[in-house]
Number of protein chains: 2
Amino acid sequence: MPNLTIPVEESLFLLKDVFGLEALNTLPGYEEATEDLVEAILNEGGKFASEVLQPLNMSGDVEGCQLHEDGRVTTPTGFKAAWDQFVEGGWMGLSADPDYGGQGLPTTLNVIINEYLGTANLSFSMYPGLTQGAYAAMDVHASDEIKQRFLPKMVEGNWTGTMNLTEPHCGTDLGLLRTKAVPQDDGSYKISGTKIFISAGDHDLSENVIHLVLARIEGAPAGTKGISLFVVPKFVPDADNNPGEANHVSVGKIEEKMGIHANSTCVMNFDGSQGWLVGEENKGLKAMFVMMNEARLGVAIQGLTQSEAAYQHARDYAKDRLQGRALTGTKNPDGPADPLIVHPDIRRMLLAMRSFNEAARAFCLYASIQSDIAHKHPDEKVRQIADDRLSLLTPVLKGYLTDMGFENAVLGQQVFGGHGFIEETGASQFVRDARITMIYEGANGIQALDLVGRKLMANGGRGIMALFQELGAYAEKHASDEAMAPFVLPLKAGAEDLQKATMWFGNNALGNPDHAGAGSVDYMHLFGTVMLGYMWSQIVEVALKNTDESRKSFFDTKLALAKFYMERTMPTTAMRRDRIMVGADSVMALPAESF
Amino acid sequence: MPNLTIPVEESLFLLKDVFGLEALNTLPGYEEATEDLVEAILNEGGKFASEVLQPLNMSGDVEGCQLHEDGRVTTPTGFKAAWDQFVEGGWMGLSADPDYGGQGLPTTLNVIINEYLGTANLSFSMYPGLTQGAYAAMDVHASDEIKQRFLPKMVEGNWTGTMNLTEPHCGTDLGLLRTKAVPQDDGSYKISGTKIFISAGDHDLSENVIHLVLARIEGAPAGTKGISLFVVPKFVPDADNNPGEANHVSVGKIEEKMGIHANSTCVMNFDGSQGWLVGEENKGLKAMFVMMNEARLGVAIQGLTQSEAAYQHARDYAKDRLQGRALTGTKNPDGPADPLIVHPDIRRMLLAMRSFNEAARAFCLYASIQSDIAHKHPDEKVRQIADDRLSLLTPVLKGYLTDMGFENAVLGQQVFGGHGFIEETGASQFVRDARITMIYEGANGIQALDLVGRKLMANGGRGIMALFQELGAYAEKHASDEAMAPFVLPLKAGAEDLQKATMWFGNNALGNPDHAGAGSVDYMHLFGTVMLGYMWSQIVEVALKNTDESRKSFFDTKLALAKFYMERTMPTTAMRRDRIMVGADSVMALPAESF
C-alpha cells in the first residue's frame, strides 16, 4: 500500500470551512492555534504518519511483539526508531499542559494527529494513545507530587502509560476485581494481582512504563465501591527522577491475537509492586472513567482510521485491476478488460466506505471541539451544553464508528476478491486490526447500554432534548431550500425515527429495562446514522455556497457522497426504529436452558 | 470448544417432519434411503465429525500446511490419520455412482454430511469437497475412458481433486486466462501455465491429486470461447492405474492467508504436464460450471457451518461466564454475578445467529432435495421445475448464507468480549475461516450479478414467477389462520417487497443495466431473507401441529426462534427494497478519478 494519503486536506476543510477555526482559537489559552500554525502542524504530522509509520504497518503485523526469556518485551523492527522520532518531534505533548512541558494546543489538534497515526499504523498509535489516556486521568485526579514526578516524563514520551483494569474473571464487571493494595508506612501501597489484556503493557520504546492499576485496598468494601486507582511504575523513579529499582512488575505472556500484532497485549503480574494512590480511596472507578472517556473518543477514531486506510487501498486496486467489462459497454477498449471501478457493486462498496469516512471524520472533530469548549469556554452554561453533548455522543462515537469501521474494512477486503484473503495484499490486516476496536474500551454492547441506560436519562434528559431541538430547528431552517431539501429531508426523517425510538424507550423501558437492552444496539446505530447525516448536511451547506471554480470538483464530490449517503444509508433508520419498537419479548422468551 | 454438538437431530427433524423423507426415497434409485438407514448414516457421520475432525480444528489452524524444500506439501498433524479414517468409512462415495464404487445415495445426505464436516473443521472438509466437485464435472463431461481411469480412485478417496481456474491476472474474468494446452500425437495435451489460489492443490492425504485445469488450446479463439477443460494428474496413472511418473506439476508456494490455514492454498505450476480433454474443445467453461454449481451449494453450507459452530461456542460461554447483573434484578443470587445470557443484547446476538442457522439449514436441505429431484424424478416437468428453482436459488444460497455466516461468526466473537480477540479462545478462527466463503467460488458480488443479470431472466422469468406464485398461494392459505398469521404476515410483506424490487428491475434495468448492478447485493439479501422466512413458516406449521408432549420444548423453541426472526430480521426487506428502487444514479455519479 504505497500510496496512503493522510487526509490533511480533509481535516483542514472541516476545521476551516465547516466548523470554523474560531470555534477553537477564540477559547482562552488557545489563541495561538492560528490557521498557519494548524496547517503547519497537521502537514508535519501527516508527513510523519505516512513516511515513518505507514511503512512499518505490515512488517509490524508479520513480526509482532516478543517476550524474551529474560522478561524483556520487544516491539517489531523499526518501531523504536520511529518512537524516537515521534518523541523528538514533541508529538506526545501537543495538547498537554505547558506546566508539564506540553504545548497546550487544543485537544482537537491532538485528535486529528491521532487519526493520522492510526490511519498509518494502528498498533503504533496505541502506545502514545494509552500514554495520553493515563496522562489525562492523572492530570485530573493525582496529587501535585505525583503529577510532578510522572507527567513531565510522560509528556516528553520517555515514559509511557497503560490502563490496568481487566482481570481473568472480570472485564466489564469491574466490581469483581481481586488485585490487592496493602498500605505501607510511607503512604504508598504494595500492589499484588494479575491483569490481562494490557495494551502496551511492556515494550522497548520507552525507559519506563507507568501503569494505572485498579485494585482493592485491604478491607475495602466489595464491589465497585471498594476500588481504588494506583500509579505503579515498572521502575520506581529514583531521587533524580530517573528509572530506579525494578518494581516487581512482570509480563506473564503476550497474547496471540487476531490483529494489532505490533502492539504488545500483556498479561501483567504485580507482585508486591510499589504504587501510589491516584485520587481518593475507593473512588478509583471515577478516576478511571476520565481516562476511559478520552480513550473512547480515541477508539472511535480508530474505527475511522481502518475504514479510511481500507478505502484508499481498495480504491487504488479498483482503479488498477482490469477484470470484466462494464454492464453498459466497454469503457477501456484498448485494454484486455475494464478497471473494476466501472462496476456498480464495486462503486457501491467504495462509496459506502467513503461516505462514512468523511462524515465520521466530521463527527470526531465535532466531538473534540465540544471537548475543547467543555474544558475552556469562559461561560459555564456553554461549557455545560458542550459537556452534555459530548457525554451523550461518546458511546455513539465509540460504538457506531467502530462497528462501521470494521464493516467497511470487510467491504474493502471484498473489493480485492481472492487477493483480499491473502495476507501479502494487506486488506486482511485492516479487518483484523479493526476488529479489536469493537471490543476494547467497553465492548460495543456496553456502549449501547451506557447510551440508553445512562446518557439518555442524564440530567432529566437535558442532553438528548437539546439535540432534538437543534436537529428540528436545523431541518426547519433548510427544508424549504430547494438545493438543501434532498439532504435535509432524509435527515429530518432519520431524526424523527430517532425521536420516536427515544420516546418509546421513555414510555416502556422504565417498566421493563429489558426493552431498552434489547433495542440498545439498534438505537446506537440509528443515532450514529442520524449524526453522520447531520454532518453531511453541514458539509453540503458549505458545498452549495462555494463559488470558487478551482474547488468545484472538490465540492461536487462532497455533494455526490452526501447524496449516496442519504439514499443508501439513511433508509436504515426506519428499520432500526421498527426493530427497537417491537421490544424485548421475543428476545427474552426463550429460557436460558433452551439456547 | 469441547462441546460441539453436530446437529443430527435438526437434520432429521427437517428431513422427516418438515420436508418428508418420501421426497427423496420415492425417487427412482433412492429407495434404499429409508428412515433407519438415513438415521444410521447421519449419526455415524456426526460422530466422525465431532470425535475425529473437531479436535483437529484449532491445532490445524495454528500449525497450517507446509511446503518443504523437496516440494512436498504436508497438512497439519493428525490430518492424514483423519483422512484415512474418512476413506475407510467410505464417506467420499456416499452419493457417488455405484458404477464407480459409490453408494448411490441421495445428494441430500452428502450435503448433510458435508455440513457436519465443515461445522467440525472447515479446512478439512474442503479436501473431500473439492474432490466431489471434480468428480461431478468429470461424471457429466468426461469420456468413459477418463471416468474409468480416475473416478473409482476418487470415489475411494485415494485420489483427490481440485479446480484450477484462477490465474494471477484473472479470477472472475476467465476470458483473460493464459494457460496453454498443446495437442500431442497420442490425443493428450501438454499443459503449461500458472494457477493461483488452488485449494487443496497439493498435500499428503492422498496418493495422487487430480487437477481439473482450464486452459487455452494453441490457436483457440481469445476470450471465454477458447477455453477448454483438462484433467491433469499430479502423477500419470500407470498401466495398473497406480500413480506413475511425476507429471511436471509443482507447487510454487502456499499462500499466507487470513484463515483456513489447514487447507493448502497453492500456486500451481504446470510445466508441459500431460492432460486429457474433458468435454468438448473450447467448451471448458460449460463443463466447469457443473463443478461450480455443486461447489456453490457446498460453499453456502460452509457459511452455515461457521455460524453454527460460532453459535454453540458463544452460547456455552454466555451460559458459563458470570459478569454483571440482569437489568431486571439479580438472577443468580448465590454467584458473584449473573451469567451473560441474562443480558438482552447477548441474547439478541445469539438469537440472530440461531434463528439464521436453523432456517439456513432448512434452506440448504430444501435446495439439495430440489437437486435430487432435478436429477432423478421420472417426470420431466417435475425435474424442470426443480432445476429452475435450484438454479434460481443457487446464487442466493451462496451469497446470502456466506455473508450472514461471516456476520454471525463476528457476533459470536463479540459475545466473548476481549477474550474473543485472543486466538486461544477459538472465536477468531470462525471469523477468519468464514471470511473466505464470501469470496471463493465467485465473490458474493458476482453471485448477486448472476442472480439479477441471468437467473431472474432465465427462460423468460419462469423460475422467479413460479416462486412468487408459490409464495402467494402459501400466504393466502395460511394468513387467516390465527396461529400462523404472526409468521405468515411478515413473510407475505417480505415477499411483496421482493416482488416489487423484481418488477422495478424489470422496468428499469433493461434500459440501464447499472440499475440492476447497483441493487444486486441488496436484492440477493432481500431474497435470502424472504427464503429463510419461508423456511421458518414451514417449520412453524409443523410445530403448531405437534401434540407430542415430549417434544413440546423442542417445538416451543422453534416458535420462539421463528418469532424472533419475523420481528427482527424480516423488517430489513423494506429497507433493501427502497435502496434497490433508488437506482444507480448516485452510485455512478462520481467520475472514477474523483474516487
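Source: prediction; values computed, not measured. Chain A is the first sequence line, chain B the second, and so forth, proteins listed ahead of strands; every chain is numbered from 1.
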Contacting region of [X] [heavy-atom separation from chain B under 4.5 Å]:
X	value
A:R315	side chain
A:F406	side chain
A:P168	backbone
A:A574	neither
A:D522	side chain
A:Y311	side chain
A:R321	side chain
A:L322	backbone
A:I341	side chain
A:V342	backbone
A:L449	side chain
A:R579	both

Could you tell me which non-hydrogen atom of [X] sits nearest to which non-hydrogen atom of [Y], and how far apart they are?
X	Y	answer
A:G445	B:D345	CA-OD2, 3.6 Å
A:L176	B:P336	CD2-O, 3.4 Å
A:G324	B:D173	N-OD2, 2.6 Å
A:D514	B:P344	OD1-CG, 3.3 Å
B:T557	A:S594	OG1-CB, 3.6 Å

Tell me which of these, [options], has more heavy-atom pairs under 4.5 Å with chain B than the rest.
options	value
A:E255, A:E423, A:M575, A:R348	A:E423
A:E407, A:R435, A:E567, A:H515	A:R435
A:R354, A:Q413, A:K319	A:Q413
A:V410, A:N444, A:L350	A:V410
A:S586, A:A326, A:P571	A:S586
A:H343, A:H169, A:K563	A:H169

Checklist entry - Are A:T172 and B:Q323 linked by a side-chain donor-acceptor pair shorter than 3.5 Å? => result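 Judged by distance alone, the side chains do not pair up.
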Item to check | Any donor-acceptor N/O pair, A:R347 side chain to B:L590 backbone, under 3.5 Å | outcome: yes
Checklist entry - A:Q414 side chain to B:M438 main-chain N or O, any donor-acceptor pair under 3.5 Å? => result yes
Next on the checklist: Let's test your reading of the structure: which of B:I346, B:D578, B:V521 forms the most heavy-atom pairs below 4.5 Å with chain A?
Outcome noted: B:V521
Checklist entry - Do the rings of A:H419 and B:F197 sit parallel, tilted or perpendicular, given the 30° and 60° boundaries? => result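 Correct class here is perpendicular.
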Checklist entry - Would you call B:E424-A:K253 a salt bridge at under 4.0 Å N-O? => result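 Yes.
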Checklist entry - When you look at NZ of A:K552, are more than 12 heavy atoms from neighbouring residues, nucleotides or ligands closer to it than 6.0 Å? => result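 No, because the 6.0 Å sphere around NZ of A:K552 holds 12 heavy atoms or fewer from other groups.
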